[in-house]
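Source: prediction; values computed, not measured.
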Amino acid sequence: AVTLATSPAPIGDRDLVTDGSDLYWADAKGIREMPNNGGTITRLAKGTTFERVALDNSYVYYSSVVTLPTGLSAGQLNRVPKSGGTSQMLLQAPGGIEALDTLALPIYTEYYLGLSNGTVEEGTTLGGISYVMQAASPGTTITSISRDATNGDILWGEEIGRASRRE
């Protein structure tokens with residue numbers, strides 16, 4: 001193992017992804033990018049609640065946690081150009097976005113979301129959520145999601161909460 005760089009802020013359990021030439025990750029203070037072989041770390045977006053990261057040909061997609069005017073938390077899906085610039089909010093989801101994957105198509109990008117309430121959704125950059133693959137399931141959290149490149153299946157992992165009682 002070779003240390004390529006030290007992140008300016010803790011990474012924790014946030015994501016790290018590569019497009020073959022650059023690394024992208026979320027840390028406690030932003031979305032970062034650097035060449036795969038080491039070099040200068042660039043901050044693409046500034047913030048403290050970023051978690052999941054995925055890529056298409058031009059953008060870094062990332063989730064964040066926001067507080068709604070009602071006081072409830074929501075997951076927010078955002079994207080920022082790989083070259084840097086202004087972030088764009090694509091949608092808000094109740095609870096939180098626990099898993100994220102993308103598929104770059106010629107005209108748009110599909111994204112796949114695993115939510116903290118057990119919901120699995122497919123959406124596009126052309127217009128938000130287009131398909132709910134699994135409805136909300138109380139006590140279930142989607143922990144990972146991926147697209148099988150061979151046959152197009154969407155695969156996800158679930159953590160099912162267990163209730164317990166002490167007397």
Side-chain angles (χ1 to χ4, degrees), residues 11-27 30-33 44-45 47-163:
I11 296 172
D13 64 355
R14 296 170 177 93
D15 286 344
L16 169 71
V17 295
T18 183
D19 62 5
S21 59
D22 294 306
L23 294 170
Y24 301 86
W25 69 92
D27 67 24
I31 300 296
R32 313 277 181 176
E33 174 271 333
L44 301 177
T48 60
T49 65
F50 302 149
E51 296 176 330
R52 307 293 164 237
V53 179
L55 306 171
D56 71 9
N57 298 329
S58 303
Y59 291 93
V60 179
Y61 293 78
Y62 60 94
S63 67
S64 60
V65 178
V66 296
T67 302
L68 301 173
T70 61
L72 298 174
S73 292
Q76 187 167 286
L77 179 62
N78 312 283
R79 71 179 184 178
V80 64
K82 285 182 175 180
S83 58
T86 303
S87 291
Q88 175 187 13
M89 192 268 290
L90 298 175
L91 63 84
Q92 287 183 340
I97 298 171
E98 301 295 332
L100 169 64
D101 197 14
T102 55
L103 171 64
L105 298 168
I107 299 174
Y108 62 92
T109 294
E110 288 183 351
Y111 49 84
Y112 310 99
L113 305 175
L115 306 183
S116 59
N117 66 2
T119 302
V120 177
E121 299 176 333
E122 175 186 334
T124 74
T125 54
L126 295 177
I129 300 302
S130 58
Y131 183 66
V132 175
M133 293 177 240
Q134 176 171 289
S137 176
T140 301
T141 299
I142 305 305
T143 58
S144 58
I145 194 164
S146 184
R147 183 178 178 277
D148 181 341
T150 304
N151 59 20
D153 288 341
I154 308 304
L155 310 167
W156 61 87
E158 299 178 349
E159 180 179 298
I160 300 172
R162 306 228 184 269

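- Between Leu90 and Tyr59 there is no side-chain heavy-atom pair separated by less than 4.5 Å.
- Within 6.0 Å of CD1 on Ile107 lie no more than 12 heavy atoms contributed by other residues, nucleotides or ligands.
- Sorted by first then second residue, the ring-ring contact (aromatic ring centres under 6.0 Å, His included) pairs that include residues 62-99, not counting sequence neighbours, are Phe50-Tyr62.
- Residues meeting the side chain to side chain contact (heavy atoms under 4.5 Å, CB included) test with Ser137, sequence neighbours left out: Thr140.
- Residue Glu51 comes nearest to Ile97 through the heavy atom pair OE1-O, 3.6 Å, listed as atom of the first residue, atom of the second, then distance.
- Residues Thr109 and Ala104 share a closest heavy-atom pair of OG1-CA, 4.0 Å.
- The backbone N or O of Glu122 lies less than 3.5 Å from a partner atom in the side chain of Ser130, making a donor-acceptor pair.
- Atoms CG and CD, on Asp56 and Glu110 in that order, are 11.5 Å from each other to the nearest 0.5 Å.
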| request: Determine, stepwise, if the pair Ser21 / Asp19 fulfils side chain to side chain donor-acceptor pair (under 3.5 Å). | output: CA-CA 6 Å; Ser21 59; Asp19 62 5; 3.3 Å; yes

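- Between the side chain of Thr102 and the backbone N or O of Leu55 there is at least one donor-acceptor pair closer than 3.5 Å.
- The salt bridge (charged side-chain N to carboxylate O under 4.0 Å, His left out) check on Asp27 picks up Arg32, with sequence neighbours excluded.
- The structure places CD of Glu158 at 4.5 Å from CD1 of Ile142, a figure rounded to the nearest 0.5 Å.
- Taking OG of Ser146 as the reference point, atom CG of Asp153 lies at 10.5 Å (rounded to 0.5 Å).
- Considering only residues two or more places apart in sequence or on other chains, Asp15 meets the salt bridge (charged side-chain N to carboxylate O under 4.0 Å, His left out) condition with Arg52.
- What you find for Ala45 and Ser87 is that their closest heavy atoms are CB-OG, 3.7 Å.
- To the nearest 0.5 Å, atom CG of residue Leu91 and atom CG of residue Leu113 are 6.0 Å apart.
- Listed here is the closest heavy atom pair of Asn78 and Ser64: ND2-OG, 3.2 Å.
- The CH2 atom of Trp25 sits 11.0 Å away from the OG1 atom of Thr18 when rounded to the nearest 0.5 Å.
- When every heavy atom of Ile11 is checked against every heavy atom of Ala26, the shortest pair comes out as CG2-O, 3.8 Å.
- Taking each heavy atom of Ser116 and Pro94 in turn, the nearest pair found is OG-O, 4.5 Å.
- The backbone N or O of Arg147 lies less than 3.5 Å from a partner atom in the side chain of Asp101, making a donor-acceptor pair.
- Under the salt bridge (charged side-chain N to carboxylate O under 4.0 Å, His left out) criterion, Arg79 pairs with no residue at all, not counting sequence neighbours.
- No donor-acceptor distance shorter than 3.5 angstrom exists from the side chain of Thr143 to the backbone of Glu159, with no hydrogens or angles considered.
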| Evaluation steps, side-chain contact (heavy atoms from CB on, under 4.5 Å), between Val60 and Glu33 | CA-CA 10 Å; Val60 179; Glu33 174 271 333; over 6 Å; no

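- In this structure, CD in Glu98 is found 11.5 Å from OG1 in Thr119, a value given to the nearest 0.5 Å.
- Here ring-ring contact (aromatic ring centres under 6.0 Å, His included) pairs that include residues 76-128, with residues two or more places apart or in two chains, number zero.
- By the 4.5 Å heavy-atom criterion applied to side chains, Thr49 and Val66 are not counted as neighbours.
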